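Quick caveat, the model's predicted, so the values are computed rather than measured. Chain letters run A, B, ... following the sequence lines, proteins first, then strands; residues in each count from 1.
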Amino acid sequence: MISTKTSTSLTLFSHNLEPPLFLIENCKSMDQLQQIHCQTVKSGLIRKPISQNKLISFCCTNESGDMNHALQMFNQISEPKSVFLWNTMIKGYSRVDCPKHGISMYLNMLKQDVKPDDYTFPFLLKGFDRDVGLSCGKKLHGHAVKFGFGSNVFVQNALIHMYSLCGQMEMARAVFDVSCKRDVITWNVIITGYNRMKQYDETNKLFDEMERNGMVPTSVTLVSLLSACSKLKDLEVGKRVHKYIQKCKVESNLTLENALMDMYAACGEMDVAVRIFDRMKTKDVISWTTIVSGFVNKGEIDLARDYFDRMPERDYVSWTAMIDGYLRVNCFKEALVLFREMQALNIRPDEFTMVSILTACAQLGALQIGEWIKTYIERNKVKNDVFVGNALIDMYFKCGSIEKAQRVFNGMPWRDKFTWTAMIFGLAINGHGEEALGMFSEMLRASIKPDEVTYIGVLCACTHAGMVDEGRKFFASMTTEHGVQPNVAHYGCMVDLLGRAGHLQEACEVIKNMPMKPNSIVWGALLGGCRLHKDVEIAEMAAKQILESDPDNGAVYVMLCNIYASCKRWDSLHDLRESMMHRGIKKTPGCSLIEMNGVVHEFVAGDQSHPQSKEIYLKLDKVMRDLEVAGYSPDTSEVFLDIGEEDKQSTLCWHSEKLALAFGLICSRPGVTIRIVKNLRMCVDCHRVAKLVSKLYDREVIVRDRTRFHHFRHGSCSCKDYW
DNA sequence: TTAGGGTTAG
């Protein structure tokens, strides 16, 4: 019989807990917990295991819990501790992402002769990844079996999860295959494992198998499946999942709606995605970001920005998605502006953001900002993974900083084929062809399989170093030795290689025999060879081929004009100029970028818009006079305007790279390297001027033009005047 | 006396 008194206390203090312990049920913070702790000490309740459990559980599982406090209380318990208490501590360490502490707890527990139970292993294995160590995971797997929990479904699920987090899908699958008491979570765990490893086909296969086994999927299964459809852009299966949800076989929730929307967005079906978005009762930051990145993927930057601006809250993923959007449409300066805004709002960027910003820096040649990002990553302990490493290498090379790129490469603990390809390509365009090929050999020795992009780098290295024989050999061996079929870009490289080296007939043969239709890049490469070797006939043929499919291609007209001018074919030049005027074809304006104190300055030919314009022109005038004293005379061979010699010379003076160069000389201290990025090929006169500047003012000048780098030092250029 | 596993956006 329960007395009246007892039943009153039951209503007052639910669960029959004594007053201080009851308070824990509603405890909100560590401050409150400590007060309750004091009361239990005063009242002597602390000696009861239930009090110890309640207090420690709060510290281990509550959002505001504190593991240090938990450990303090745990250590104060002198009598033998229950497995429950040990499990709670292990769980707490998993919650705060310290699985290593959890392992030490477990080892101490064994030392004190406490046996693990079926709860111990799931808590222990949670959050295990490659960093914690696969070998440790395997040992714990052994323990679980030894203690008799090898066929417990919770333990098995935890093991599958652990192996998949360690990237060991074969091990995960082995556990899955022998599991006899699979439940839907088992299926979900293995499916998400394959998703994590980007093996989306397996995801689909497993889903079919799951249905055949009569297992009813949960919303989590469908989210994973939709995620796979999104990555595979498999609209068909995606729509099937949508129908399945609509038939109410599964109750929808926010995550599922987000995943569905993402699937449609990834498949380019933004109408459907937006319709779902508009009908959603509650939206979170992921819903909004999904729409933003959906428009980003379609290149609809204005719509993406519109949604981005309307977001009620944004996190680092949203900002990165928008920054990425600007990269997609080649608006690199806008990407940097957005990054600065993000910084001003104190939103912490992650490694994805860093890769995006480094890409923008690479494109703009913004070395100072790039360096700043590198320091930021180091200081703020941003995850420095292989993607960040690759982006840093690319940024350094595209800024002409070879040694620093090599230093990043040497310091990388893990390299993938993109790392090697970035090295090969970077060394090649910076004029270190032989080192690039050395890298390629090293890559093969490291058993990394080259792909088609790697071979573009290899052929490019041969081209820039004028290594024709090697190029021919690599081109032949890419199929025979590594099974990489040459595509049109590889043929373009070969034509470029042969053309530059003056083997124009052989280049024509290559084009004649290629298995696919040559595109404008292939013909353009031939045209470039003709410019270098002054071959008017082949040039006219190549130009004709490009203009047939692209009659308004200004670059082709300009190139042909250059060739006529350098061959002194004035009549042909005159006719071509007429035809250009008639068709309204204009030369792409030359544009040069130079970064100064973290700001990217842009100059076009004849630019007077810069705030320091007056000073720049005065400086340029002074430089040209200095150079003349040193023996410079303008090279007007590439100026094809129908004007007098003097006017031709002043036209040359306004070239954007000269303006950038003058600006660089004004704004940087003596001895500092000047780096310029130019959108077109550097002209012969600017090349001559840069060489002399490097000698006369003892300055290293690095110019990246449309296809390669020019490192000017002591009066000569790394391209050996061959570009 | 109490506890367990799986999911979405760049």
Look at all strands and tell whether [X] reaches a base, only sugar-phosphate, or nothing, counting heavy atoms closer than 4.0 Å.
X        : answer
A/Asp284 : nothing
A/Val153 : base
A/Val189 : sugar-phosphate
A/Phe121 : nothing
A/Thr192 : sugar-phosphate
A/Asp183 : base
A/Thr353 : base
A/Asn53  : base
A/Asn297 : nothing

To check you understand the geometry: which heavy-atom pair defines the closest contact between A/Ser356 and A/Ile323, and what is its length?
CB-CG2, 3.9 Å

Hey, is A/Tyr119 doing a stacking thing with B/dA3, by the 5.5 Å centroid and 30° angle criteria?
yes

Donor-acceptor pair present, [X] side chain and [N] base, under 3.5 Å:
X        : N      : value
A/Asp350 : B/dG10 : yes
A/Thr218 : B/dG6  : yes
A/Asn258 : B/dA9  : no

Is it true that [X] and [Y] make a salt bridge, defined as a side-chain N closer than 4.0 Å to a carboxylate O?
X        : Y        : result
A/Glu202 : A/Lys205 : yes
A/Asp177 : A/Arg173 : yes
A/Asp208 : A/Arg212 : no

It should be established whether A/Lys231 places a side-chain nitrogen or oxygen under 4.0 Å from OP1 or OP2 of nucleotide B/dA9.
yes

A/Arg196 side-chain N/O to B/dT7 phosphate OP1/OP2 under 4.0 Å
yes

May I have the distance from [X] (atom [atom1]) to [N] (atom [atom2]), rounded to whole angstrom?
X        : N      : atom1 : atom2 : value
A/Leu124 : B/dG4  : CG    : P     : 16 Å
A/Tyr307 : B/dG10 : OH    : C1'   : 18 Å
A/Ile286 : B/dG10 : CD1   : P     : 10 Å
A/Leu225 : B/dT7  : CG    : P     : 15 Å
A/Gln52  : B/dT2  : CD    : P     : 17 Å
A/Ile191 : B/dT8  : CD1   : P     : 12 Å
A/Arg182 : B/dG6  : CZ    : C1'   : 16 Å
A/Met311 : B/dA9  : CE    : P     : 14 Å

Is the number of heavy atoms from other residues, nucleotides or ligands within 6.0 Å of NZ (A/Lys239) greater than 12?
no

Within a radius of less than 6.0 Å around CD of A/Glu170, do more than 12 heavy atoms belonging to other residues, nucleotides or ligands occur?
no

Check every atom of [options] against the side chain of [X] and return the nucleotide holding the closest atom.
X        : options              : answer
A/Thr255 : B/dA3, B/dA9, B/dT7  : B/dT7
A/Asp315 : B/dA9, B/dT1, B/dA3  : B/dA9
A/Val223 : B/dA3, B/dT7, B/dG6  : B/dT7
A/Phe352 : B/dT1, B/dG10, B/dT7 : B/dG10
A/Phe84  : B/dA3, B/dG4, B/dG6  : B/dA3
A/Asn87  : B/dG6, B/dG4, B/dA3  : B/dA3

Parallel, tilted or perpendicular, as decided by the 30° and 60° cut-offs, for the rings of A/Phe149 and A/Phe121:
tilted

